Amino acid sequence: MRALPSAFYARQTVAVARELLGHLLVSTVGGARCSVRIVETEAYVGPRDPASHAHRWHRSERNEVMYGRPGLLYVYFTYGMHWCANIVTEREGFPAAVLLRAAEPVEGVEVMRRRRGGVRTEEIASGPAKLAQALGITGALNGHPVTRPPLVVRAGVPVSPRRRGSSGRVGVRAGARLRLRFFELGSRHVSGPRASGRP
DNA sequence: CTTGAGATGTTT
DNA sequence: AACATCTCAAGA
């Protein structure tokens, strides 16, 4: 299965966010095997990041997993109806994570399309809550290691540095000028309206 | 293509 | 009151 080792996540959050592009997420939630290729991430770099759930070492029941081991899933519920999935980074005790923002469907496309209400392939996982819904990720997976089923990050072909773009994070006011969003240039599967826009 | 509003519940 | 979002309807 060649899961990425948990040591991959025990590094600087920005490096993990960049280097996750091109790797695969394999979900066997509910029995069907669905996989996607990661094309967009965001870094949430711990206590000094004003947009982080763990800003100024804030610690609560919700973000407790951010303080745990690197490689754990941090899944949270937002806007009253959406789940979003992160992977915890850096060292245990230091709250940081990478938000999985968008991915390209690879395997189990029709299962994912059904979970997403029959949308076009480009819209199956083009946003953090869409990605979570497509893969069947809910709060039940909070704290689960991504080195083991039912949700595994498998080694793919990394996106080369010259095909990576960066920008400010989406939907974030505090720390808006920080370029902590990373994506594959030219991908039709990244979040937001961009079919004809600039990457 | 773009904009704007509503859904819906947790956190501060 | 804000929120690491999404969908739909309407307008240009």
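These numbers come from a predicted model, not from an experiment. Each chain gets a letter, A, B and so on, in the order its sequence line appears, and its residues count up from 1.
Of the candidates C:dC6, C:dA4, B:dA7, the closest approach to any side-chain atom of A:His82 belongs to C:dC6. Counting only heavy atoms from C-beta on, A:Phe77 has its side chain closest to B:dT10 among C:dT5, B:dT10, C:dA4.
Distance check: A:Leu185 CG to A:Ser160 OG gives 9.0 Å after rounding to the nearest 0.5 Å. A distance of 9.5 Å separates OG1 in A:Thr13 from CG in A:Leu180, rounded to the nearest 0.5 Å.
For the salt bridge (Lys or Arg N to Asp or Glu O under 4.0 Å) test, residues two or more places apart in sequence or in another chain that qualify with A:Glu123 are A:Arg120.
Contacts between residues 101-119 of chain A and DNA chain C, defined by a heavy-atom separation under 4.0 Å, are made by A:Arg101, A:Arg116. Against DNA chain C, the stretch residues 55-64 of chain A makes no heavy-atom approach under 4.0 Å. Residues from residues 124-140 of chain A with heavy atoms under 4.0 angstrom of DNA chain C, sorted by number: A:Gly127, A:Pro128, A:Ala129, A:Lys130.
Using modelled atom types, one side-chain atom of A:Thr41 and one backbone atom of A:Ala17 make a donor-acceptor pair closer than 3.5 Å. A donor-acceptor contact shorter than 3.5 Å links the side chain of A:Ser27 to the backbone of A:Leu135. Judged purely by atom type and a 3.5 angstrom limit, A:Arg116 uses its side chain to pair as donor or acceptor with the backbone of A:Ile124.
Nucleotide B:dG9 holds its P atom 18 Å from the OH atom of A:Tyr76, rounded to whole Å. One can place CZ of A:Phe182 at 18 Å from P of C:dA4, the figure rounded to the nearest angstrom.
For residues 92-112 of chain A, every residue pair satisfying the salt bridge (charged side-chain N to carboxylate O under 4.0 Å, His left out) rule, not counting sequence neighbours, is listed here: A:Arg33-A:Glu107, A:Arg37-A:Glu104, A:Glu40-A:Arg101, A:Glu42-A:Arg101, A:Glu110-A:Arg113. The list of salt bridge (charged side-chain N to carboxylate O under 4.0 Å, His left out) pairs with a residue in residues 155-174 of chain A, not counting sequence neighbours, reads A:Asp49-A:Arg169, A:Arg163-A:Glu184. Residue pairs meeting the salt bridge (charged side-chain N to carboxylate O under 4.0 Å, His left out) criterion with at least one partner in residues 60-73 of chain A, sequence neighbours excluded, are A:Arg59-A:Glu64. Pairs engaging residues 15-25 of chain A under the side chain to side chain donor-acceptor pair (under 3.5 Å) rule: A:Arg11-A:Glu19 [sequence neighbours left out]. The side chain to side chain donor-acceptor pair (under 3.5 Å) analysis of residues 73-86 of chain A, with sequence neighbours excluded, yields the pairs A:His53-A:Tyr74. Among residue pairs with one or both ends in residues 128-141 of chain A, none qualify as salt bridge (charged side-chain N to carboxylate O under 4.0 Å, His left out); sequence neighbours excluded.
Closest non-hydrogen pair, A:Ala129 versus A:Cys84, comes out as N-SG, 4.2 Å.
The aromatic rings of A:Trp57 and A:Tyr67 sit tilted, their planes meeting at an angle between 30° and 60°.
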Could I get a table of every N or O pair under 3.5 Å where one atom is in the protein and the other is in nucleotides 1-3 of chain C?
none

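Under the 4.5 Å side-chain heavy-atom criterion for grouping Ile, Leu, Val, Met, Phe, Trp and Tyr, A:Leu4 is not connected to A:Leu72 through any hydrophobic cluster.
Using C1' as the reference atom, B:dT3 and C:dA4 are 22 Å apart when rounded to the nearest Å.
In DNA chain C, the stems built from three or more successive Watson-Crick or G-U pairs (distances below 3.5 Å) are B:1-7 with C:5-11, B:9-11 with C:1-3.
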